[in-house]
2 protein chains.
Amino acid sequence: MLIGELARQTGCDAETIRYYEREGLLSAPQRSSSGYRRYNAEQLGELNFILHCRSLGMSLADIRNLAAFKADHRHDCEDINLLIDQQIGKVHRQIESLRLLEQQLLALRDKCHDTHSAADCGILQTLVEAAEGEPCVCHTPFGQDNHGHSHDHDHAAKKNGRTQKGRP
Amino acid sequence: MLIGELARQTGCDAETIRYYEREGLLSAPQRSSSGYRRYNAEQLGELNFILHCRSLGMSLADIRNLAAFKADHRHDCEDINLLIDQQIGKVHRQIESLRLLEQQLLALRDKCHDTHSAADCGILQTLVEAAEGEPCVCHTPFGQDNHGHSHDHDHAAKKNGRTQKGRP
DNA sequence: ACAAACCTTGTAGTCACTACAGGGTCAAGC
DNA sequence: GCTTGACCCTGTAGTGACTACAAGGTTTGT
């Protein structure tokens, strides 16, 4: 099966498949005489495994580890449990901080219900004041645990801590 | 005040401040004869506004818009409300999909409590089987609304849809 | 013979930073 | 006057997980 067919069967973009191969997650397939990638059922399974793990929010690095554990059958599964536990912890912290975020946004939204001039907009005023005074709740979205180089997709406020680090 | 002092007062890295300037979020400060950036209270306010919005999970593009609304006082605040509502919607959807994710991970974790060989690890087995059969819950983490180029913190499974797009 | 649909590689862009190289400036101390 | 160290500058490249495109080669059908 060619890459397009694999893409169709898995719902994964062909460019992403090539990307996974480059990243060493997917084993390099055989090639036809003209250089086309030829996949078999085994690689279909490999890719589905990757996609399923991705759908559980795991990073490619985590999946690489998991695949290594899978390959080495003498390995005991302590590390696997640890990996899943870490994933659960990560997701849990994300949920917590997003909930806080939601609260703050809803409170903000509450400042303005009718359409009027931006000069009188309660939301804008609140934002400006909050930035000035900054005695705010100041959660740290998915933060702190951010050592290493995880970069964690936490857009928001990352390491800057604001209340802690800021104004001493 | 020099950039280091501004960094200290806001808890924002100096390199990030320069980045915000490059991106046009922060107005270009005056320069000393030797080219050093000199900030005043107004720019301190500007930066705090940006950081506060970031801590609410807004993208730099959103903040740019918000700042434009702030500047143009004749503008009415409908767009501001819309922006906040969209932000709330985004956060809400993220929470929902993360909750689902958490359930799946907890169910997965439940497959293995003791340390034993990876060959017998319930987690690994479950992952492999789930990838093969794939009659799974198959949530789509923060997906779908992903038009444009939002990139949205969604690690997970992004557009690939899996159950929808895959295997027709 | 030719077009459409596929495949290849390589490079650059996304977002919000972060890190570093390679230099310049400034104040304090000797 | 000279050195040291803390600061500042610009510019470029890297992060994660893709996505998009350019410029070309191959295969298949009419």
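Protein chains get the first letters and strands the later ones, always in sequence-line order, with residue 1 at the start of each. Computed from a predicted model, the values in this text were never measured in an experiment.
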### Query
Does the side chain of A:R22 get closer than 4.0 angstrom to OP1 or OP2 of C:dT9 through an N or O atom?
no

### Query
Taking OH from A:Y19 and C1' from D:dC18, how many angstroms apart are they, rounded to a whole number?
6 Å

### Query
Would B:R99 and B:E102 pass as an ion pair if we require N to O under 4.0 Å?
no

### Message
Tell me which pairs pass salt bridge (charged side-chain N to carboxylate O under 4.0 Å, His left out) where either residue lies in residues 34-47 of chain B, with sequence neighbours left out.
### Response
B:E21-B:R37

### Interatomic distance, B:L6 CG vs D:dC9 C1' [rounded to whole Å]
16 Å

### Query
Any idea which of D:dA17, C:dA19, C:dA16 is nearest the B:E15 side chain?
C:dA19

### Task
Check the distance between D:dC7's P and B:E5's CD and give it to me in whole angstrom.
10 Å

### Query
Under 4.0 Å between a side-chain N/O of B:R37 and OP1 or OP2 of D:dC9, yes or no?
yes

### Message
Quick one: does any side-chain atom of A:Q87 pair with a main-chain N or O of A:G57 as donor and acceptor, under 3.5 Å?
### Response
yes

### Query
Which hydrophobic side chains are connected to B:L2, either touching it within the sub-4.5 Å cutoff or through other members that do?
B:Y36

### Message
Tell me the interatomic distance from B:I50, atom CD1, to C:dA16, atom C1', rounded to whole angstroms.
### Response
13 Å

### Summary
Rounded to whole Å, CE of B:M58 lies from P of C:dC15 at a distance of 18 Å

### Task
Could you work out which one of D:dT26, C:dT25, C:dA16 sits closest to the side chain of B:Y36?
C:dT25

### Query
Any idea which of C:dC6, C:dT18, C:dT25 is nearest the B:S34 side chain?
C:dT25

### Query
side-chain contact (heavy atoms from CB on, under 4.5 Å) with B:D85: which residues, sequence neighbours excluded?
A:R109, B:I88

### Task
Report which part of the nucleic acid B:R38 touches: base, sugar-phosphate, or nothing (heavy-atom distance under 4.0 Å, all strands).
nothing

### Task
Using only side-chain N and O atoms of A:Y20, determine if any of them is under 4.0 Å from OP1 or OP2 of D:dC18.
yes

### Task
Apply side chain to side chain contact (heavy atoms under 4.5 Å, CB included) to the pair A:Y19 and A:L60, showing each step before the final yes or no.
CA-CA 11 Å; A:Y19 171 70; A:L60 298 190; 3.7 Å; yes

### Message
Let's see if you can work this out: which of D:dC8, C:dA16, D:dG11 has an atom nearest to the side-chain heavy atoms of B:L2?
### Response
D:dC8

#### Entry: Nucleotide of C:dC17, D:dT27, D:dC7 approaching A:S33 most closely (side-chain heavy atoms)
D:dT27

### Task
With sequence neighbours excluded, tell me which residues meet side-chain contact (heavy atoms from CB on, under 4.5 Å) with A:Q125.
A:E129

### Message
A:S33: which residues meet the side-chain contact (heavy atoms from CB on, under 4.5 Å) condition with it, sequence neighbours left out?
### Response
none

#### Entry: Per A:T16 side chain, nearest of listed nucleotides D:dC18, C:dC20, C:dA16
D:dC18

### Message
In this structure, how many angstroms lie between the C1' atom of D:dA17 and the CG atom of A:L60, rounded?
### Response
6 Å

### Task
Have a look at the helix from C:dA1-D:dT30 to C:dC30-D:dG1 and give the angle its two end axes make, five pairs each, rounded to 10 degrees.
30°

### Query
C:dC7 P sits how many Å from A:Y39 OH, rounded?
10 Å

### Query
Has B:R18 got a side-chain N or O lying under 4.0 Å from the OP1 or OP2 atom of D:dC9?
yes

### Query
When the distance from CZ of B:R54 to C1' of C:dC17 is rounded to whole Å, what number comes out?
9 Å

